[in-house]
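Presented below is the structure to which this report refers.
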Amino acid sequence: MTTVSATTTRTVEPDRRLPALGGFCLGVLRIELRRVLRNRRTLAFTLIMPGVFFLIFGLPQGGQSLGNGRPVTAYVMISLAVYAAMVATTSVGGAVATERALGWSRQLRLTPLRPIAYVATKLATAMTLGLLAVVVEFLVGAAAGVRVPAYVWLLSGLAAWVGSLVFAAFGLFVGYLVPAENVMQIIGPMLAVLAMFGGLFVPVEVLPDVLQQVAKFTPVYGVGVLARAPLTGDGVSVAGVANMVCWALVFGIGAARLFRRDTARV
Amino acid sequence: MTSTHPAVELDGLTKSFGALTAVDGLSLRVRPGEVVAFLGPNGAGKTTTIDMLLGLARPDAGTVRILGGTPDDAVAHGRVAAVLQTGGLLKDLTVGETVEMSSHFYRHTRPVAEVLERAGIADIAGRVVGRCSGGQQQRLRFALALLPDPDLMVLDEPTTGMDVEGRRDFWQALRRDARAGRTVIFATHYLDEADAYADRIVLVRQGRIVADGTTAEIKNLAAGRTVRATLPGADQAALAALPGVDAVEVRGDSVLVRTGDSDALARHLLTRTAARDVEITSRNLEDAFLALTTAQTGA
């Protein structure tokens with residue numbers, strides 16, 4: 001090494017132990033969130049657009065009531081909260097496609113980070129953004145005069161948020177399926193169609209009968225029904241729960257299989 | 001470095017893609033602390049070998065040991081780090097965020113600020129990666145590789161696509177960082193880089209090692225001259241014993257001698273023997289590189 005001068009000599013062997021939790025930690029989550037919140041496109045579609053939708057489509061129905069006397073505006077607000085959360089979680093999950101296309105996942109394979117910790121970070125980021133989306137939508141609703149009992153805010157919000165886990169899995173599934181940088185341009189329109197079938201833009205009941213039957217088997221339907229149940233007083237329907245669990249399994253297992261294929265050696 | 005294991009042990013490594021054999025029974029042993037250049041033309045199998053070395057690709061046959069363990073173990077414990085040719089960075093993070101995020105993937109790393117400083121990118125820590133030049137992105141990859149303070153650093157054509165200034169800055173950064181004991185393996189197709197930065201050069205062609213020696217040996221192999229003379233009944237052993245002589249070959253009445261001191265040999269031949277028709281031809285490093293790494297036609 002005649003041309004290379006040794007500037008430092010290591011005296012202590014570095015701590016070579018494996019990272020705790022496979023490398024999953026709050027520090028990474030913080031950077032991931034900062035990153036997501038810097039993305040104008042994500043902000044527009046998850047935090048701003050659903051709120052604007054409420055002001056355009058929900059507010060004009062002010063004063064109208066559901067069968068049980070609760071305001072229609074609350075029905076619209078909760079539906080749009082589900083929509084905001086599902087777009088939020090899908091976009092974070094789908095970002096995996098971008099990272100694969102950029103070769104970041106290959107870079108990660110040269111670090112001790114466990115692939116499962118990477119996915120856990122994505123899920124945690126997705127669910128945090130999903131929660132934020134629900135809260136923002138509810139704040140817009142509350143500011144615009146929506147008044148419902150506290151338990152409705154809480155349970156509907158919780159259902160919208162937890163239900164969006166299905167779409168975090170959906171996002172990961174698509175993210176591992178297509179290696180494209182602009183995956184959200186493919187997913188965005190799909191989400192809009194699914195949201196329509198799930199009764200998030202208009203009640204499913206106004207759709208033609210055949211479509212109503214089809215709608216019950218689409219992925220957004222279950223989440224929508226469950227999130228509105230505290231408001232409508234319909235109770236927790238078996239069909240709704242079954243729908244949500246089934247789709248969560250389909251997307252979760254699908255994502256897991258693709259994930260294993262992705263991390264396998266060539 | 002108290003480890004008694006070789007830094008790298010490749011044994012009979014083979015990898016094919018369809019009909020193409022990218023790496024063909026390659027074996028290599030690298031001692032801790034060596035700085036090895038993996039030199040060869042494009043398509044020689046350098047990147048495939050490095051992918052297998054790092055555990056990114058699975059060999060069809062053969063084994064890889066890094067510091068006595070598997071590549072996966074070495075990666076998981078931060079003993080090996082790499083700078084790969086392309087990709088691998090998130091465009092929407094800043095330089096500083098990228099290093100900070102990666103630091104969380106290890107139990108313990110060098111401080112982020114120190115790593116940025118050593119890679120020469122402390123001044124652009126706040127810049128978004130997508131707006132960094134190719135050279136800056138490459139130094140960021142280098143910074144990421146420095147984080148775990150690895151025992152083995154692998155670089156795959158680290159300066160490809162950089163301009164002269166970028167290449168110089170990159171090697172300066174690597175040089176600044178060099179510390180006694182760290183093993184470095186870098187692939188390159190630039191002769192001058194291998195010459196300037198390696199202790200040892202491994203020449204590869206078509207997935208095989210065609211020459212392996214210290215930089216001085218390879219240069220000697222390349223820079224030596226060939227002396228040819230007509231000398232019936234040449235005393236091969238006597239010629240081989242002369243100073244500077246590397247190889248002696250007798251072909252009928254002709255003798256071909258490869259030597260580092262062609263003057264002394266020519267003087268000897270002309271004054272002490274009956275040699276005539278003495279021809280001296282030189283080969284430079286470039287010639288040797290081409291001769292050793294170019295596919296033989298009709299082979």
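Everything numeric in this text was worked out from a predicted model, so none of it was measured. Chain identifiers are assigned alphabetically (A, B, ...) following the order of the sequence lines, protein sequences preceding nucleic acid strands; residue numbering begins at 1 within each chain.
- Of the atoms belonging to R38(A), it is side-chain heavy atoms, and not backbone ones, that fall under 4.5 Å from chain B.
- Here the side chain of R127(B) pairs no donor or acceptor atom with the backbone of V95(B) at under 3.5 angstrom.
- For chain B, no part of L21(A) is nearby; none of its heavy atoms comes within less than 4.5 Å.
- Side-chain atoms of D60(B) come within 3.5 Å of backbone N or O of S16(B) as a donor-acceptor pair.
- Heavy-atom distances place no part of L147(B) under 4.5 Å from chain A, backbone and side chain included.
- T159(B) and E193(B) form a side-chain donor-acceptor contact under 3.5 Å, judged by distance and modelled atom types alone.
- Between the side chain of K15(B) and the backbone N or O of R58(B) there is at least one donor-acceptor pair closer than 3.5 Å.
- Interface remark: of the candidates E100(B), E97(B), K91(B), E97(B) forms the most heavy-atom pairs closer than 4.5 Å to chain A.
- With a 4.5 Å cut-off on non-hydrogen atoms, R114(A) does not touch chain B at all.
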List the steps and the verdict of side chain to side chain contact (heavy atoms under 4.5 Å, CB included) for V99(B) and L116(B).
CA-CA 8 Å; V99(B) 178; L116(B) 288 170; 3.8 Å; yes

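- With a 4.5 Å cut-off on non-hydrogen atoms, T109(B) does not touch chain A at all.
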